[in-house]
Structures are given as C-alpha cells and as structure tokens.
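Basis for what follows: all heavy atoms, side chains included, without hydrogens, waters or symmetry-related copies. In what follows, chains are A, B, ... by sequence order, proteins preceding strands, each numbered from 1.
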There are 2 protein chains.
Amino acid sequence: MPLGRRSPMAKTRVVVADRNVITRVGIRSILERNSGVAVVAEATSYDAVIDAVDEHGPDVLIIDLDLGDDTTAGLKLCEIITERFPDTKILVLAQTLSEMIVVEALRRGVTGYLCKDDVKADELGKGVRAVQDGDTVLGRGVGSLVARGLGSTRGQTEHLTDRELEVIKAAAKGMSNKQIAHEIFISESTVKFHLQNASKKLNAHRRAEIVHRATAAGLL
Amino acid sequence: MPLGRRSPMAKTRVVVADRNVITRVGIRSILERNSGVAVVAEATSYDAVIDAVDEHGPDVLIIDLDLGDDTTAGLKLCEIITERFPDTKILVLAQTLSEMIVVEALRRGVTGYLCKDDVKADELGKGVRAVQDGDTVLGRGVGSLVARGLGSTRGQTEHLTDRELEVIKAAAKGMSNKQIAHEIFISESTVKFHLQNASKKLNAHRRAEIVHRATAAGLL
DNA sequence: TGACCACCTATCCAAAAGGCTAGGTAGTTA
DNA sequence: TAACTACCTAGCCTTTTGGATAGGTGGTCA
C-alpha cells in the first residue's frame, strides 16, 4: 500500500493508540473530517499496538505512551516499532510533558511529539502529514524541553534502576529509611545508597525533591 | 429513547467544558451518535463556562475541573453553577482521581463524577441521562474514594492555606527549612510550623509524603 | 466583646536524613 | 580476562527533620 512519498490519491493511513475512548473518538473525528487521513485501527494496550501496526502497516502511529501502568513500556514499544516497522512513523500525543520521556522517546525513533492540551484541531492533521513526510514535529514547549534535556544530561538521560524506583516509591509514602529497609529486606545503608544514587540521577538533593521529580517524570 | 420525567421528544442539552480539543470533539461525537443528547456549546475556560451555561441553560454541564492552572478555581465554579443555575446538573469528567477533589466537588453540588480513562463509550451517554434525572453517578473507583475521603476526615476535608502551599512547593524543590525561611522572609520556626500543620491536614508525616500527596491532589 | 482564623515566633530533644569514603557479590559484555 | 552494571553493606559526622509545647499579632464575623 505505501508507495514512495505519497500519491495524491492515497490517504494517510493511521493507527491510533490511547487507552481513552473519548480521545480515540476525538482524534478519529478530527482527522477524518480532514479527508487526507484515514484511521485504520485503534489500540488500547501495548500488545494491541504491535498487532495493529503489524496487520495494517500504517503510515503513522499516533500514540499516548502512557497505555499501562508503566510508561517505560511505552518507550520500549517505540523502540520495537521503529526497528520492526521502519515505514511507520510515530507521533506521540502525550497528556503531560516530561523532559525525560520526551528525550527518551526521540532517542527511540519518535519523530513527532505533541501535547494533547496544547494541540489545536488543525495542527493534528498537519502533524500527521509532516511526520509522514519524515519531518520532526515538536509541539509548543516540547522543543525547548528537548534542548534543556539534551543539554543538562549531555545526551545521556540516566534512568533509575528498579531498586531505586522501589525505594523512591516507599519514600513517597512517607516511610523512613529504616522502614523501607525492613519492607524490602535490605539494610538501612542500602536504602540510603539507592536514594543517593537516585538523587544524583535526578539532580535532586533531598528526598522530597526526589519524589517530586520522579512523580513529575511520570515514573511513579 | 428514555422517557422518565423527560418528554420523549426533547433532547438532553449539554455544554462541554474541557481545555482539550480532542476531548471536546470526542465527547461530542460519542454523545451525538447516541441521539438523545445534543451538545449546544463548548467552553475552554472558567469564565466561558459561566457564559455558556447562562446563555444556553443546558440540562447538563460536562466539565473537566482542570481548565486552568488552578484546580480550586474549578471547584469554585461548581459552587457558582449550582447556586446560580440549579437546573443545570454537573457531571465532572476528570483526567485523574484525587480524593480531595472528588469530595470537594460533591460537596459543591456535583452529581456525577467519572474518570476519562475508565469511562466506556456507552457509559458517557448513560451518565449524562442519569445526572439529568437527578441521580448521582460515580465512576469506577470514585465511589470507594469518596467513602474513604468522607470517612478519614469525618466529613471535613481540610484545605491548605496559601502559606502552607507556598512552603510545600518550596519543599518540593528540595529546599531546606532554612532556605525556605530565607526565600519567603519568615523564620525557620514558621516554616516548620506550616509544614506541621500541612502534614496534619494531609495526614502525612514526612515532607516527602507531604509533597507527594499535594502533588497527587493536584495542589501543586 | 469573644471566638476564630491565618499567620508568625521560640525552644527543646530525639530521630532521621545527607554526604562521604570504602568495601563486597553476581551477572553481562567487550 | 577485564570492565561494567546493578546490587548490597558498613561507619562516621553533620545537618535537617519531626514532634511537642507555648506563646504572639491582626483580621473577620456573630
């Protein structure tokens, strides 16, 4: 189906992935009103996205990375898609902006990143066509975020290990190091160790800031 | 075609308030497909909601309380609507669930509370008709949240004062009490005082938990 | 006027957290 | 094999907290 650039006849074929019905219907309505685009499938889970892309071979995948409990799974998904289906461009349509997520997504081959709350109706169609043409589309505010993100971490956004996340989550619940140590069967020293590593990665210096940043980054 | 106390002819007239185009279009599509409902106006700001309700006198207002930077403004809006336009029922369609917001909304006359991510396409129409009929509609998870909310605070959700919020925000940035004191020109003791009061109100015992709860409640 | 509120301050002490250095294991990869 | 990673532990000392108690002001409202 996909041929060269785009024949003036062929509609842009899109798969929409979002856990939220309202959003899916909204995207479909907006795009189909604008008759250069056809939504060929919808998906609500990470697995369903792969199946849908595999089955329909769309030109563009519009996706909210936050399809499950684990946002990092969304990033992994992007990696899989770009690798296995290089002809399908990815346009992320995020609920919230997080520096870390944006940077990680772009690193995994995502070529468009818009924020739901900022996007205007006509921008959605434009964005789809632009990413289909191989352009990179970054919504309002996303661009500067990327610049900061890449600058501050010198091209290497460090990610938290499982243990670190586990400790941070416990800290967010107000537990002391001693309590956390007890909870997950490690020593208090280790808890402090994980928190210190996490604080370096998140560039935070107090546990309150650690949990705040982790929350803002959508990691909790 | 439902016919309770409503005439079988008359469509339910709805105003949709959400800052997000995609959501507005989605809600409109879903509801109008289901031909008992007509969306008569859309609004994207708190002021516009009042104007729209005043002008169209809808049966139901579907609203995402989070129309601006300040969620509490959304709560104030509910109060105004129920007072000035008692014939317009309010159905909140929230992005995220927060115990405090749900409880406060219900206390201000909201009769429906659904969560965007949980709602199924047919539930939206059902919800609208139910609140129009004067029923209270609480989405999955919302009910239990209310029970906990009302139980834990004995019917009185305490709210944070301006100063308390200010201190919490600073704490979230990783500042120590001393730094915060310096920043807002009060003594370190006062900072501790505010944090202690806040921790009682939020039922948290550590500053990490305070900022986490405040964040989760959409207060930051 | 008294009650109440948001706000401000102080002192005391024990507990917790922060920052450091200096080790260890198991598993993976170049 | 060496290098790297995630993970785990220890001790030391300082700073920051949490929690309690006990005062104060100015404003609002019945």
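- When the P atom of D:dA6 is taken as reference, atom CD of A:Glu164 falls 8 Å away, rounded to whole Å.
- Within the nucleic acid shown, A:Lys178 comes within 4.0 Å of sugar-phosphate atoms alone, with no base atom in reach, counting heavy atoms only.
- Note on A:Arg207: a side-chain N or O is less than 4.0 Å away from OP1 or OP2 of C:dA17.
- Per the geometry, CD belonging to B:Glu209 stands 15 Å off C1' belonging to C:dA16, to the nearest Å.
- A donor atom on one side chain and an acceptor atom on the other are found under 3.5 Å apart for B:Asn177 and B:Arg207.
- Look at CZ on A:Phe185: it is 17 Å from P on D:dC7, rounded to the nearest Å.
- Side-chain atoms of B:His194 lie closest to C:dC8 of the nucleotides D:dG18, C:dC8, D:dT16.
- For A:Asn177, no side-chain nitrogen or oxygen approaches OP1 or OP2 of C:dA16 to under 4.0 Å.
- Within the 4.0 angstrom heavy-atom criterion, no nucleotide atom of any strand lies near A:Glu188.
- Rounded to a whole Å, the CG atom of A:Asn197 is 15 Å from the C1' atom of D:dC4.
- Salt-bridge check for A:Asp64 with A:Lys116: passed, with a basic side-chain N closer than 4.0 Å to an acidic carboxylate O.
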Using the rule given for side chain to side chain contact (heavy atoms under 4.5 Å, CB included), can you reason through A:Ile22 versus B:Ile22, listing the C-alpha separation, both sets of side-chain angles and the distance that settles it, and then say yes or no?
CA-CA 8 Å; A:Ile22 299 171; B:Ile22 299 171; over 6 Å; no
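- As rounded to whole Å, 10 Å separates atom C1' of C:dG18 from atom CG of A:Leu195.
- As a whole-Å value, the separation of B:Met175 CE from D:dT16 P is 12 Å.
- Using a 4.0 Å cut-off, some side-chain N or O of A:Thr161 falls inside it from OP1 or OP2 of D:dC7.
- Between A:Glu209 and the options A:His205, A:Arg213, A:Arg206, a side chain to side chain donor-acceptor pair (under 3.5 Å) holds for only A:Arg213.
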Verify salt bridge (Lys or Arg N to Asp or Glu O under 4.0 Å) between B:Arg140 and B:Glu123, making sure each step is shown before the conclusion.
CA-CA 11 Å; B:Arg140 255 180 296 286; B:Glu123 290 169 349; 3.3 Å; yes
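- If you check every strand for non-hydrogen atoms under 4.0 Å, B:Ser176 touches sugar and phosphate atoms only.
- One can place CZ of A:Phe193 at 17 Å from P of D:dG11, the figure rounded to the nearest angstrom.
- Side-chain proximity of B:Ile186 to D:dC7, D:dG19, C:dC8: nearest is C:dC8.
- Of the candidates C:dC8, C:dG18, C:dC12, C:dG18 carries the atom nearest the A:Lys192 side chain, counting heavy atoms from C-beta on.
- Regarding A:Gln196, its CD atom lies at a distance of 16 Å from the P atom of D:dC8, rounded to whole Å.
- B:Arg206 has a side-chain polar atom (N or O) that falls below the 4.0 Å cut-off from OP1 or OP2 of C:dA17.
- Phosphate proximity of C:dT9 to B:Ser187: present, with a side-chain N or O under 4.0 Å from OP1 or OP2.
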